[in-house]
Colleague: 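The structure under discussion is supplied below as structure tokens; questions concerning it will follow.
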Amino acid sequence: MKGYVPGYQPPDIASWIKLNTNENPYPPSPKVVEAILAELGPDGATLRTYPSASSQKLREAAGELYGFDPSRIIMANGSDEVLNNLIRACAGEGEEIGYVHPSYSYYATLAEIQGARVRTFGLTDDFRIKDFPERYEGKLFFLTTPNSPLGFAFPVAYIEELAQRCTGLLVVDEAYADFADCNALELVKNYENVVVTRTLSKSYALAGMRLGLAIARPEIVAALDKIRDHYNLDRLAQAACIAALKDQAYFADCCRRICETREWFTHELRGIGYDVIPSQGNFVFAAPPDRDGRRVYDGLYARKILVRLLSDPLLAHGLRISIGTRGEMERTLAAITEIG
Ligand SMILES: *Cc1c(COP(=O)(O)O)cnc(C)c1O
């Protein structure tokens, strides 16, 4: 099989403006750094012993934040881990999973490892799923919302309709929900088959710590609990996670700045003739007037600005550009203007 190809991480990372993997341009909360150092202690002796296997304190912190009992929350070593375990738990050899194309193609790689079949659904011009059946009988359907790479979000009422039409689980991958106007958390309370996944990689600036979670009914959480690595979150990640979730003031300020910069950058790009999809994430999908994504990608690359060019023919007319600091986006805009 072919493996998934993650976004490029240049070795000389500090010399780039890196806008290709939707990382947060700001550092994590200072309380996160304090918590990691406190956990480590003066000599690192804490690392001799295994971390908590249940991540119970994290489940309590996340439960309090999102308004769920901890029995409905499972912590993961990045949300990628919980996506993998959902497929391992629910879709065996020859069984089907579905997702929207374009969205996060890693679902297909994870399914292939389990020998599960993959069915993709396209999008209509108004960003609804094309030909979604009245009853979808695949074991899992993954809905990335806000969508990456396009940035739009599905309305909650539409997600609810999909939940009613799925006979298996509807996994709502909300990796970018903290930058959006709405989310599907309420649906977890009302529909037994809805699972919401979240990550601390983007909005909490902790991609390097590998922290994610899923919220679902307790029976699903219990099933996922059986098949994960029992020590899936290391000690430092557990300390970081609690501190990050508790510092909501810092978090909210960070998200607000990114959304403001996103709106400014969208407006400016449109001013120079780019076609920009209104985004609910920390990135935009933007197409130059000549619809040649490669040309602009190369021009930016030569100026040490890294964005995401997707090889799929459906997406080659544009670029996915993560939202950095205001300064980084001003430099990126100047470079794009110069490239023409
Ligand atoms: C980034 C991303 C993930 C992975 O998140 P991690 O927690 O870093 O594993 C999952 N789904 C989507 C749509 C993403 O963009």
Side-chain angles (χ1 to χ4, degrees), residues 3-9 18-25 28 32 55 58 62 66 73-88 97-111 113 120 123 127 140-154 159 169-180 183-184 195-215 224 228-229 232-234 237-238 240-241 244-245 251 255 258 262 277 279-285 307-308 310 312 315 320-323:
Y4 178 78
V5 184
Y8 180 56
Q9 301 289 347
K18 192 175 176 303
L19 308 175
N20 69 330
T21 49
N22 296 345
E23 288 141 335
N24 197 310
V32 168
S55 300
L58 287 68
Y66 298 122
I73 293 174
I74 185 156
M75 302 305 304
N77 185 11
S79 65
D80 283 348
E81 185 202 21
V82 83
L83 297 171
N84 186 17
N85 285 339
L86 279 160
I87 298 179
R88 289 172 73 191
I97 71 120
Y99 69 98
V100 172
H101 177 74
S103 70
Y104 190 42
S105 63
Y106 190 48
Y107 310 129
T109 309
L110 295 172
I113 296 168
T120 57
L123 287 170
F127 297 140
L140 295 152
F141 189 79
F142 291 93
L143 189 75
T144 318
T145 186
N147 177 281
S148 172
L150 299 178
F152 71 89
F154 292 102
I159 303 172
L169 298 189
L170 175 65
V171 180
V172 188
D173 182 343
E174 292 196 330
Y176 300 101
D178 291 323
F179 305 104
N183 64 63
V195 179
V196 168
T197 63
R198 293 284 179 100
T199 174
L200 278 76
S201 294
K202 281 94 184 205
S203 52
Y204 287 90
L206 286 171
M209 274 329 286
R210 312 306 303 127
L211 285 162
L213 60 120
I215 307 174
L224 293 169
R228 68 178 169 84
D229 274 6
N232 59 341
L233 270 73
D234 68 67
Q238 293 198 25
C241 183
L245 295 180
F251 161 80
C255 292
I258 291 167
R262 176 188 72 199
I277 299 173
S279 173
Q280 297 268 294
N282 64 337
F283 58 89
V284 293
F285 190 84
V307 299
R308 191 70 168 260
L310 296 131
D312 193 287
L315 303 166
R320 193 191 70 182
I321 307 174
S322 308
I323 300 299

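Read the numbers this way: they start at 1 and go in the same order the structure lists the ligands and their atoms.
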Colleague: Does the N or O separation between T199 and ligand 1 drop below 3.5 Å for any pair?
Modeller: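 T199 vs ligand 1: N/O contact under 3.5 Å present.
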Colleague: Looking only at protein heavy atoms, which one is nearest to atom 11 (N) of ligand 1, and what is the separation?
Modeller: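 Atom 11 (N) of ligand 1 sits closest to the protein heavy atom D173 OD2, 2.7 Å.
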Colleague: Answer side chain, backbone, both or neither: which part of T144 comes under 4.0 Å from ligand 1, heavy atoms only.
Modeller: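 For T144, the contact with ligand 1 is made by the side chain alone.
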Colleague: Specify whether F152 and F127 have parallel, tilted or perpendicular ring planes, treating 30° as the upper limit for parallel and 60° as the lower limit for perpendicular.
Modeller: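 Taking F127 first and then F152, their aromatic rings lie parallel (interplane angle under 30°).
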Colleague: Could you identify the single nearest non-hydrogen protein atom to atom 8 (O) of ligand 1 and state the distance to 0.1 Å?
Modeller: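 Atom 8 (O) of ligand 1 sits closest to the protein heavy atom S201 OG, 2.6 Å.
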Colleague: Among the heavy atoms of Y176, does any lie under 4.0 Å from an atom of ligand 1?
Modeller: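 Heavy atoms of Y176 do come under 4.0 Å of ligand 1.
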Colleague: Would a line drawn from the ring center of F179 to the ring center of F283 be shorter than 6.0 Å?
Modeller: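 No: the rings miss the under 6.0 Å criterion.
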Colleague: Would you mind checking which non-hydrogen protein atom is closest to atom 9 (O) of ligand 1, with the distance to 0.1 Å?
Modeller: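 Nearest protein contact, heavy atoms only, for atom 9 (O) of ligand 1 is R210 NH2, 2.7 Å.
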Colleague: Using 4.0 Å as the upper bound for N to carboxylate O, is an ion pair formed by R210 and D234?
Modeller: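 So D234 does not pair with R210 through a salt bridge.
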Colleague: Taking the basic N atoms (NZ, or NE/NH1/NH2) and the acidic carboxylate oxygens, is any pair closer than 4.0 Å for E23 and K18?
Modeller: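 Salt bridge flag = yes for K18 with E23.
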Colleague: Considering the heavy atoms of G78, write down every atom of ligand 1 situated less than 4.0 Å from one of them.
Modeller: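 By the 4.0 Å cutoff, the relevant atoms are 7 (O), 9 (O).
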Colleague: Is there a side-chain contact between L245 and L200 (heavy atoms, below 4.5 Å)?
Modeller: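 L245 reaches L200 side chain to side chain.
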Colleague: Can you sort out the partners of A153 under side-chain contact (heavy atoms from CB on, under 4.5 Å), two or more places apart, ordered by chain and number?
Modeller: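 By the side-chain contact (heavy atoms from CB on, under 4.5 Å) rule, A153 matches T145, P146, Q280.
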Colleague: Compute the ring centroids of F251 and Y204, then answer whether they are less than 6.0 Å apart.
Modeller: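 For F251 and Y204, the ring centres are under 6.0 Å apart.
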Colleague: Please write down residue, atom name and distance for the protein heavy atom closest to atom 3 (C) of ligand 1.
Modeller: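 Here the closest protein heavy atom is K202 NZ, 3.5 Å.
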Colleague: Quick check on S79 - does any of its heavy atoms sit under 4.0 Å from an atom of ligand 1?
Modeller: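 For ligand 1, residue contact (heavy atoms, under 4.0 Å) with S79 is present.
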Colleague: So which heavy atom in the protein is nearest atom 4 (C) of ligand 1, and how far is it from that ligand atom?
Modeller: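 Nearest protein contact, heavy atoms only, for atom 4 (C) of ligand 1 is D80 OD1, 3.2 Å.
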